[in-house]
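All remarks here apply to the structure that follows.
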Number of protein chains: 2
Amino acid sequence: MRHVADRAGVSYQTVSRVINDADGVAPETRERVLAAMRDLNYRPSVAARSLARARTDTIGLVLPFPVDVTFANAHFLQTVGGVDRVVAENDYSLLVSSPNDEDPALSAHRRMVRQRAVDGVIVEAGMGDEGIELLVEAGYPVVAIGHVAAAVPSVQPDDESGAYSATQHLLALGHRRIALIAGSTPGNLAQQARLRGCKRAGTDAGQPLDEDLIATGEFSLESGHDAAARLFDRDVPPTAVLAFNDAMAIGAMQLLRERGIDVPHEVSVVGFDDTPTASLLTPSLTTVRIFSSELGQRAARTLIGMLRGTKVPPVPAVLPSQLVVRQSTAPARRD
Amino acid sequence: MRHVADRAGVSYQTVSRVINDADGVAPETRERVLAAMRDLNYRPSVAARSLARARTDTIGLVLPFPVDVTFANAHFLQTVGGVDRVVAENDYSLLVSSPNDEDPALSAHRRMVRQRAVDGVIVEAGMGDEGIELLVEAGYPVVAIGHVAAAVPSVQPDDESGAYSATQHLLALGHRRIALIAGSTPGNLAQQARLRGCKRAGTDAGQPLDEDLIATGEFSLESGHDAAARLFDRDVPPTAVLAFNDAMAIGAMQLLRERGIDVPHEVSVVGFDDTPTASLLTPSLTTVRIFSSELGQRAARTLIGMLRGTKVPPVPAVLPSQLVVRQSTAPARRD
DNA sequence: GCGCCTCTCGTGAACGGTCACATGACTTGC
DNA sequence: GCAAGTCATGTGACCGTTCACGAGAGGCGC
């Protein structure tokens, strides 16, 4: 920087002003400085700037699983897509941290804390919340995406009402034996909310769900396939399946096709997420939309707002979810 | 840091030594310093450290598309998964940059250059190579994943021979009307290599491929579906389809199922990538394995090696690809 | 008892910027 | 014509580390 200043015949402070687009610099001087910067192929050092300004203009993103696992899930994918977009728009950088195998619960957060390299952190809920506490204790502004117990601002889909309306839809179609393909981690709060929604819809309709018809999967296509296999091996198989994400719903549809069971005339299938592919399947998938990208965008905006000193309402921002009825659901056949 | 030093009754330099695990500090002193660090909840500032050491221990990752688009592609997903793993193992951080809509070709690289926040950059090939030149000019060590024209170290799958053996496999099964679902960006070098491999296999066997049977897609499931629709609308449809990634192959299989065309007995389908789902489909997909995760790991190791001063062979590291024969290919029926 | 070496620790400068304030030239108002 | 108020620029200190030295304490050999 000093070199640039010399070459342009000004002081380093003036160079600094030019870099930061501060006013109070004569247009002609500015030009001279810019020229010198070009000539010397000069680039400011973020490290020095961060040090002096006590901020890094970087936002940390903590993932619940390794990169390849996390992004294999369409919901997380969309979510992070939204974050990425907003972050880039606001000239922040994105530093990602994912857990390693040794300490899946906390390593991603730990690494983020150890490196004091970000101004704030966005956490994808999915694992426990101890990690969030860790970040908060370390003094970071934190925004969570999804349901968290920790007292940090969060944006979350309305899982409960989404699950409620999906179940209601199936009940209205006359289905009585409704199977659920839930997640296998009962501690997960989103999972709990969805389950709550399903059950409430059942009891509200005077048709409580059969607990025996709740299978679990890992949110992957294969696990949905396998869970469905278990469900349809039963003596009295279900007439409808509600999976807690689209991938598992698609897996279930695969199994049904293998077994020659027609969707939707013999069995109805509902997913969760409204993945882009959901609408492209045949039959296209009835599913609960949760606006994942929007969720990510809001989280990023909220965090950036916090960094810029805006007040943030302490209540979680809940985005309504929405049932999208397509071809994979139909009235139950009379037994 | 000064505070810690005071509290431990030593100088700041000694604290620095403890932080960096340098020797020449008495065990008892070390303990005292560590205790003080804990008491004061002290965390070193990366910014200051980066400034003083002139490195950031951060590696940049430049994606060819926005996050959600890039990671929807299984190959990129695996690749970055590999990078992430190695980066974390070596205590580096990962800073990701993806293009924005205004300047898809260069914005990701530009942002990376502007922020002088990384020690080196890994670039996922996919877009043009000007961006790489930009990074090199800015003085960054760069490693590319995939085929690039720029003179930087790269790791790449052996696309040509993979495509060659896939085509050869189909020819050996007696197929004569082999359709290709290629990418729609002819400038892409990986694409060119695959095309070259296919054509060479054809001519080597005395059965040059029919140029009219080359459709294009966007590497998505839907585009594969649509490309297949165009191919099978022809008067004389192909008897085999070779798609340039698994997603498009799966899309093609979907179309065939819709039209009641049996795979593999009526039409054989081959994919590219060996996505995890490929083996789980029915029929399971014959595909070309390209070890994406391994590719990412190597790229990361290469870059870290460069940063640590290891010499890097200037030739691109080529990982052999490998045809995995499953159920979606079968001998051609006699016409 | 002296010089020398090793171990442990401290000091000053530098890294490359930003911030708060000071300074000088030129307008403006009366 | 002079005080006061802009505008443009320069100066010194500081951000929190690391690096290259230097220096004191203790052990050893002779």
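Throughout, protein chains are lettered first and strands after them, A, B, ... in sequence-line order, and every chain is numbered starting at 1. All values below were derived from every heavy atom in this structure, side-chain atoms included, with hydrogens, water molecules and symmetry-related copies excluded. None of the values given here were measured: they were computed from a predicted structure.
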> Is there side-chain contact between B/Leu61 and B/Ile122, with at least one heavy-atom pair below 4.5 Å?
Replying inline: yes
>> If the cut-off is 4.0 Å, is A/Thr29 near the phosphate of D/dT9, judged by side-chain N/O to OP1 or OP2?
In response: yes
>> Regarding B/Arg30 and B/Asp23, does a basic nitrogen lie under 4.0 Å from an acidic carboxylate oxygen?
In response: no
>> Any side-chain N or O of B/Ser50 below 4.0 angstrom from OP1/OP2 of D/dT17?
In response: no
> Will you find, in the side chains of B/Asn100 and B/Arg110, an N or O donor that is under 3.5 Å from an N or O acceptor?
Replying inline: no
> Roughly how many Å is it from CG in B/Asp6 to P in C/dT11, rounded to a whole number?
Replying inline: 11 Å
>> Treating B/Arg32 as the side-chain partner and B/Ala8 as the backbone partner, does any N or O pair qualify as donor plus acceptor under 3.5 Å?
In response: yes
I'd like a list of close polar pairs between nucleotides 24-27 of chain C and the protein, N/O only, cut-off under 3.5 Å.
none

>> Are B/Leu189 and B/Gln156 packed together at the side-chain level, in the sense that at least one heavy-atom pair is separated by less than 4.5 angstrom?
In response: no
> Contact class for A/Val46 vs. all strands (heavy atom < 4.0 Å): base, sugar-phosphate, or nothing?
Replying inline: nothing
> Quick one: are B/Phe76 and B/Glu124 in side-chain contact, heavy atoms under 4.5 Å?
Replying inline: yes
>> Can you tell me if B/Asn41 has over 12 outside heavy atoms packed within less than 6.0 Å of its CG?
In response: yes
>> With heavy-atom distances below 4.5 Å as the criterion, would you say the side chains of A/Glu31 and A/Leu34 are in contact?
In response: yes
>> Rounded to whole Å, how long is the line connecting atom CD of B/Glu31 with atom P of C/dC9?
In response: 13 Å
>> Categorize A/Ala54 for me: base, sugar-phosphate, or nothing, with a 4.0 angstrom heavy-atom threshold over every strand shown.
In response: nothing
Return the polar atom pairs (N/O with N/O) between nucleotides 16-18 of chain C and the protein under 3.5 Å, or none.
from	atom 1	to	atom 2	distance (Å)
C/dG17	OP1	A/Tyr42	OH	3.0
C/dG17	OP1	A/Ser45	N	3.4
C/dG17	O5'	A/Tyr42	OH	3.2
C/dG17	N7	A/Arg2	NH1	3.0
C/dT18	OP1	A/Asn20	OD1	3.4
C/dT18	OP1	A/Asn20	ND2	2.9
C/dT18	OP1	A/Arg49	NH2	3.3
C/dT18	OP2	A/Ser16	OG	2.3

